[in-house]
Amino acid sequence: MCYTGVIKRIIPFALTFALGLFIASFFVPIAFPSSSWRSSRRANRFHEMQRLRLENDDLREKNRLLRSQNDELRRSIGDSDAEFVIPDAAPPVDFEFDAHHPPQPPKKPNQPRHRFGIAQ
C-alpha cells in the first residue's frame, strides 16, 4: 500500500500536535476570544488613552508654569551685566603664562648599539 508512508508521517504529527495543545491548555486558554474580551480590551485602551491625555495636559500646564516663572526671573534680573559675587567661592587666579614654565623632561639615555644581535 502506498498510503503507509503518509500514515507513518501524519499520525506522529497529529499525536505530537494534540499533546502540545493539551500541555498549552494548562497555561493559556485555547478557545476563541469572546466578545467580552474584545470589549474589555477596547475599554482598557480607552482608559489608557484618557490617562495619557490627562498626563499630557498636566505636563503642558507644568511646562507653561515653569516658562512663566523663568520669564519672570529674567525680567526681575533685568539686563544688568553686573557680576554676581558668591561669598564662598575661591578667589580668581591670575595666569601668567610667560612667567613660569615647567622643567624640561630629562633626556633619553643612550642605548648601546647592537651588532649582529650582540651588545658591544
Side-chain angles (χ1 to χ4, degrees):
M1 303 203 55
C2 64
Y3 294 112
T4 57
V6 175
I7 292 174
K8 286 181 183 179
R9 292 181 185 195
I10 290 178
I11 290 178
F13 172 77
L15 290 175
T16 307
F17 186 73
L19 181 66
L21 284 177
F22 178 70
I23 292 173
S25 69
F26 291 122
F27 303 105
V28 180
I30 298 176
F32 285 111
S34 63
S35 62
S36 64
W37 175 78
R38 289 182 188 145
S39 63
S40 66
R41 184 173 173 197
R42 189 176 297 143
N44 286 342
R45 192 180 322 146
F46 175 74
H47 290 301
E48 179 69 16
M49 291 300 291
Q50 266 190 329
R51 187 187 63 78
L52 289 174
R53 281 191 192 110
L54 288 173
E55 186 179 346
N56 244 356
D57 292 341
D58 291 343
L59 289 173
R60 278 193 190 105
E61 180 63 27
K62 187 176 181 180
N63 192 11
R64 188 193 62 77
L65 179 66
L66 289 173
R67 283 180 192 259
S68 66
Q69 286 177 353
N70 197 9
D71 291 340
E72 196 173 305
L73 287 172
R74 280 190 189 134
R75 276 190 297 252
S76 69
I77 290 174
D79 292 332
S80 65
D81 292 334
E83 290 186 29
F84 293 101
V85 178
I86 302 172
D88 295 335
V93 178
D94 295 330
F95 289 105
E96 296 178 12
F97 293 109
D98 296 333
H100 176 67
H101 293 288
Q104 293 291 328
K107 290 186 177 181
K108 183 177 176 183
N110 291 336
Q111 295 284 338
R113 293 186 181 195
H114 297 288
R115 186 172 203 181
F116 303 111
I118 301 171
Q120 289 183 0

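Values reported hereafter were calculated over all heavy atoms of this structure, with side chains retained and with hydrogens, waters and symmetry mates removed. Quick note: residue numbers are just sequence positions, from 1.
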Which other residues belong to the hydrophobic cluster containing [X], where Ile, Leu, Val, Met, Phe, Trp and Tyr are joined when side-chain heavy atoms lie under 4.5 Å apart, directly or via other members?
{"X": "F13", "result": "none"}
{"X": "F46", "result": "none"}
{"X": "L66", "result": "none"}

query: Got a salt bridge between R75 and E72, using NZ or NE/NH1/NH2 to carboxylate O under 4.0 Å?
result: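 Looking at E72 together with R75, the answer is no, because their closest N to O distance does not fall below 4.0 Å.
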
query: Of all residues at least two apart in sequence or in a different chain, which pass the salt bridge (charged side-chain N to carboxylate O under 4.0 Å, His left out) check with E55?
result: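 E55: salt bridge (charged side-chain N to carboxylate O under 4.0 Å, His left out) contacts with R51.
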
task: List for me each residue that meets salt bridge (charged side-chain N to carboxylate O under 4.0 Å, His left out) alongside D58, sequence neighbours excluded, and say none if there are none.
output: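 Once residues adjacent in sequence are excluded, D58 has no partner under the salt bridge (charged side-chain N to carboxylate O under 4.0 Å, His left out) criterion.
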
- prompt: Mind checking what makes ring-ring contact (aromatic ring centres under 6.0 Å, His included) contact with F22, not counting sequence neighbours?
  reply: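 F26.
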
With rounding to the nearest 0.5 angstrom, report the [atom1] to [atom2] distance, [X] to [Y].
{"X": "T16", "Y": "I11", "atom1": "OG1", "atom2": "CD1", "result": "11.5 Å"}
{"X": "T4", "Y": "R9", "atom1": "OG1", "atom2": "CZ", "result": "10.5 Å"}
{"X": "N70", "Y": "N63", "atom1": "CG", "atom2": "CG", "result": "10.5 Å"}
{"X": "M49", "Y": "N56", "atom1": "CE", "atom2": "CG", "result": "9.5 Å"}

- request: Check whether any side-chain heavy atom of N44 sits under 4.5 Å from a side-chain heavy atom of E48, and report yes or no.
  value: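 Contact flag for N44/E48 side chains = no.
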
query: Are L19 and F27 co-members of a hydrophobic cluster defined by side-chain heavy atoms under 4.5 Å apart?
result: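 They do share one cluster, since a chain of ILVMFWY contacts under 4.5 Å joins F27 to L19.
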
query: Do L15 and I23 belong to the same hydrophobic cluster, where Ile, Leu, Val, Met, Phe, Trp and Tyr are linked whenever their side-chain heavy atoms lie under 4.5 Å apart, directly or via other members?
result: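 Different clusters: L15 never reaches I23 through Ile, Leu, Val, Met, Phe, Trp or Tyr contacts under 4.5 Å.
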
